[in-house]
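Computed from a prediction, not measured in an experiment: that's the story for all the values here.
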Amino acid sequence: MKVTRSPSGRVPIFVGDIQGCGSEFVELLERAKNRFGDEFELHAVGDLINRGPKNLLVLERMRELVDEGRAAFVLGNHELALIRIHFGLRALQPPDTLGDVLESKEADDWIEWLRRRPVSECGELDGQPWAMVHASVHPDWTLDRLRDRSRAIERTLGSKDEDDAVDLLSVPREELEPESPADQLGRLVSCRSVTEGGWSSAAPAAPEDAWHSHWLERGHDYGVVYGHWAMQGLHVAKGLRGLDTGCVHHGRGRGGFLSAWLPGLRDRKGKSGRGLFDVPDDRLWQIKARRRYYFPD
């Protein structure tokens, strides 16, 4: 099977929420290397860490790839949780498994590295624009607006003056002003539903309240790859690829998987016969979770 490569000349692989599931992540990387050698690039939807047992391993492997120019990832709510804990804005909670990072000698360096990561990534493949975020995109945002909002947030979060980042991350959810940077950041990393009253991290009360239902109504010319919504599971719809399949939740009434989407895969004749975000779509790899990792109260 032939593949379509990204502008970098590599095969793009988009991967869902890893959440410290290091063994499954390593298996995915080994599968990619066996198939493509070093000619692949990873795009991760965020939540690399927390709830699973091997957060440092995941961070180290991802950072190696980022430094080689072969990976990118966007910040998720669990990366922001780690940063908030470091700044004293949030306490460790019983489900958290972030001790390996916080107790490492390189903890400060990891925090500095993470808070300078992007909150969205945009690109183009086969002439089709795409965006990757952790949770959602505002239904009205064009791709340019998404870029502009994201870069402004990133400048504040990654500011040399830590107080700028602390101010951004310390606004309580109930005090968020609509369309403020803190509100926009929350939407990017935590949103699942949208109503007239704004956005919420809760699952929608009705299908039409899902953030992506509102986004689809606008008829945007770009597709969105996202994660964050393990209870929804794999979401393959025209214009959308939701890749959080609950690897860390394995055993909570269902199997958990680390899922990857390989949009560049082609048939033996070198043709896909379909657009990048068309459906149905079987260009997926799934790594079954080794065991259950997450035990909520």
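Side-chain atoms of S193 come within 3.5 Å of backbone atoms of A202 as a donor-acceptor pair (strictly under, hydrogens ignored). No donor-acceptor distance shorter than 3.5 angstrom exists from the side chain of D244 to the backbone of Y226, with no hydrogens or angles considered. Here the side chain of E121 pairs no donor or acceptor atom with the backbone of V74 at under 3.5 angstrom. Checked by atom type and distance alone, the side chain of N77 never pairs as donor or acceptor with a backbone atom of S190 at under 3.5 Å. At distances below 3.5 Å, not a single donor-acceptor pair connects side-chain atoms of R10 with backbone N or O atoms of R70. In this structure, the side chain of H134 engages the main chain of V45 through a donor-acceptor pair within 3.5 Å.
Under the 6.0 Å distance and 45° angle rule, R173 counts as a cation-pi partner of W199.
We find that R145 and D148 are not joined by a salt bridge, their nearest charged nitrogen and carboxylate oxygen being 4.0 Å or further apart. In this structure, R290 pairs ionically with E27, as a charged nitrogen and a carboxylate oxygen lie closer than 4.0 Å.
Remark: E154 pairs with R151 by the side-chain hydrogen bond (donor to acceptor under 3.5 Å, both in side chains) rule, at least two apart or across chains. Residues satisfying the salt bridge (charged side-chain N to carboxylate O under 4.0 Å, His left out) test with R115, not counting sequence neighbours, are E112.
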Checklist entry - Between E24 and H250, is a side chain to side chain donor-acceptor pair (under 3.5 Å) present by the stated rule, with each step listed? => result CA-CA 12 Å; E24 293 80 358; H250 182 70; over 6 Å; no
Item to check | Test side chain to side chain contact (heavy atoms under 4.5 Å, CB included) applied to L157 and L80, step by step | outcome: CA-CA 10 Å; L157 185 61; L80 293 183; 4.1 Å; yes
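Ring orientation note: the planes of W113 and W110 are nearly perpendicular, at an angle over 60° on the 30°/60° scale.
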